[in-house]
J.: 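To start, I am sharing the structure in question, which I have written as structure tokens.
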Amino acid sequence: MNCKKCNAPLLDGAGFCQNCGAPVEPEAKVTQPMQQPPVPQPTVEHIPAQQPPVSQPMYNQTMPQQGYVPVMTPPAPEKKKSKAWIAIPIAAAVILLVVIIAAVAGKSSPEEKFVGEWSATIDYTQYLLDDVANDETTADVAAYADNSLLDATFDYTFVFEEDGTCYAELSQESYDEFMDSYMEYLKSALINYFKAEYSQYAAYYTDAEILELSDFASLEAELRADPEFAKEAIDDFDEIVRFTADKETVTFYEEYGDTTEYYVADYTAVSDDLISISFNEVDDENMFDLFQNITLEKIG
């Protein structure tokens, strides 16, 4: 340590400087700050997470033993809201879709409208009268016939098959009635012809005798026994033909070897059981009117 006045070295514990006699001021002790002991850090032990115990029903629980720590049961999960309000319209939409599909799938095609058996009546009376009157071989006799006796009204059954074919059957009853009327028509023609052309002898013969002279019995037997007579007298419908249809027309196809003829008819479905047909063209122009507004009525 040195004197602060003369800077001479001082003896340890001296109160005055030996060189200049200046008093020596005691040196202030510098205290070191107390160092705090280190604070121990708590050690964190890793405890694995445990699944919450599943709570048992009340009736299966036992009384807790001493030291038992009760376990809190986690709250039950919140129930999801019902989606019935969605399911109901979806179910309704599915039902509606099924109905629509069924309706579309079950919708009949134009041909299916015709499938089945149909009855129809066609009156050929005026056509046959005109045909006989215009035929050179029968015109002279036909001029004397009583036209009111002829009834050529025919009842048909038209059959349309699912395979696209069709044909017509002539009612035997209507054919027999036609033949009866046709015989009376011929009788009147022969009798009136004889009385007009052989008037000088007419007074001596009865109607029956005139028919006997004309050998009408043989003529009648021949006509009634001829299965082709009806086909010659009326248009032939019993041929099996093909048909197609759209929403407004039905077409019939007849095949003759390598040749196919077709006939188109307009139709109107008045109801499920009633169809009106009008042909646009026929082979014989004289029959055109016969094939207008033919009414087909469903059988059964």
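These numbers come from a predicted model, not from an experiment. Any value given below was found using the heavy atoms of this structure, including those in side chains, with hydrogens, waters and symmetry copies removed.
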J.: Please list, chain by chain and in numerical order, all residues satisfying side chain to side chain contact (heavy atoms under 4.5 Å, CB included) with Lys195, sequence neighbours excluded.
T.: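 Result, side chain to side chain contact (heavy atoms under 4.5 Å, CB included) vs Lys195: Ile191, Ala202, Asp207, Ile210.
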J.: Evaluate Arg242 against Glu255 for salt bridge (Lys or Arg N to Asp or Glu O under 4.0 Å), listing each step before the verdict.
T.: CA-CA 9 Å; Arg242 294 182 296 107; Glu255 296 181 359; 3.2 Å; yes
J.: Would you check if Ile240 and Cys166 make a side-chain contact, meaning some heavy-atom pair closer than 4.5 Å?
T.: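 The answer is no; the side chains never approach within 4.5 Å.
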J.: Would you call the rings of Phe243 and Phe160 parallel, tilted or perpendicular if under 30° counts as parallel and over 60° as perpendicular?
T.: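 Perpendicular.
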J.: Ring centres of Tyr167 and Phe158 under 6.0 Å apart?
T.: no
J.: Using side-chain heavy atoms (C-beta onward) and a distance below 4.5 Å, is Ile277 in contact with Phe291?
T.: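 No - every pair of side-chain heavy atoms lies 4.5 Å or more apart.
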J.: Find the distance between CZ (Phe279) and CG (Leu290) and round it off to the nearest 0.5 Å.
T.: 11.5 Å
J.: Would you say CG of Asp215 has more than 12 non-hydrogen atoms from neighbouring residues, nucleotides or ligands within 6.0 angstrom?
T.: yes
J.: With sequence neighbours left out, write down each residue that passes side chain to side chain contact (heavy atoms under 4.5 Å, CB included) with Tyr144, or none if nothing qualifies.
T.: Asn192, Tyr193, Ala196, Glu197
J.: Would you say the side chain of Leu211 lies within less than 4.5 Å of the side chain of Lys187, judging by non-hydrogen atoms?
T.: yes
J.: I'd like to check the ring pair (Phe, Tyr, Trp, His ring centres under 6.0 Å) partners of Tyr253; sequence neighbours left out, ordered by chain and number.
T.: none
J.: My understanding is that only residues two or more places apart in sequence, or in another chain, count here; which of them pass side chain to side chain contact (heavy atoms under 4.5 Å, CB included) with Ile299?
T.: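 With sequence neighbours excluded, Ile299 shows a side chain to side chain contact (heavy atoms under 4.5 Å, CB included) to Glu117, Ser119, Thr157, given in chain and number order.
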J.: Could you tell me whether Arg224 and Asp180 make a salt bridge, using a distance below 4.0 angstrom between a side-chain N and a carboxylate O?
T.: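 Salt bridge present between Arg224 and Asp180.
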J.: Check the angle between the aromatic planes of Phe154 and Phe178 and answer parallel, tilted or perpendicular using the 30° and 60° thresholds.
T.: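 Rings of Phe154 and Phe178: tilted, 30 to 60°.
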J.: How are the rings of Trp118 and Phe114 set to each other: parallel, tilted or perpendicular (split at 30° and 60°)?
T.: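 Rings of Trp118 and Phe114: tilted, 30 to 60°.
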J.: Can you tell me if Asp226 uses its side chain to pair, donor with acceptor, with the backbone of Glu222 under 3.5 Å?
T.: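 It does not hold such a pair.
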J.: When you look at Tyr198 and Gln200, which way does the side-chain hydrogen bond (donor to acceptor under 3.5 Å, both in side chains) test go after all the steps?
T.: CA-CA 5 Å; Tyr198 303 97; Gln200 65 273 29; over 6 Å; no
J.: More than 12 foreign heavy atoms under 6.0 Å from CD of Glu209: is that the case here?
T.: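 Yes.
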J.: With Thr268, which residues qualify under side chain to side chain contact (heavy atoms under 4.5 Å, CB included), at least two apart?
T.: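 With sequence neighbours excluded, Thr268 shows a side chain to side chain contact (heavy atoms under 4.5 Å, CB included) to no residue whatsoever.
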J.: Sort and list the pairs that fulfil side chain to side chain donor-acceptor pair (under 3.5 Å) and have at least one residue in residues 288-300, not counting sequence neighbours.
T.: Ser278-Asn293
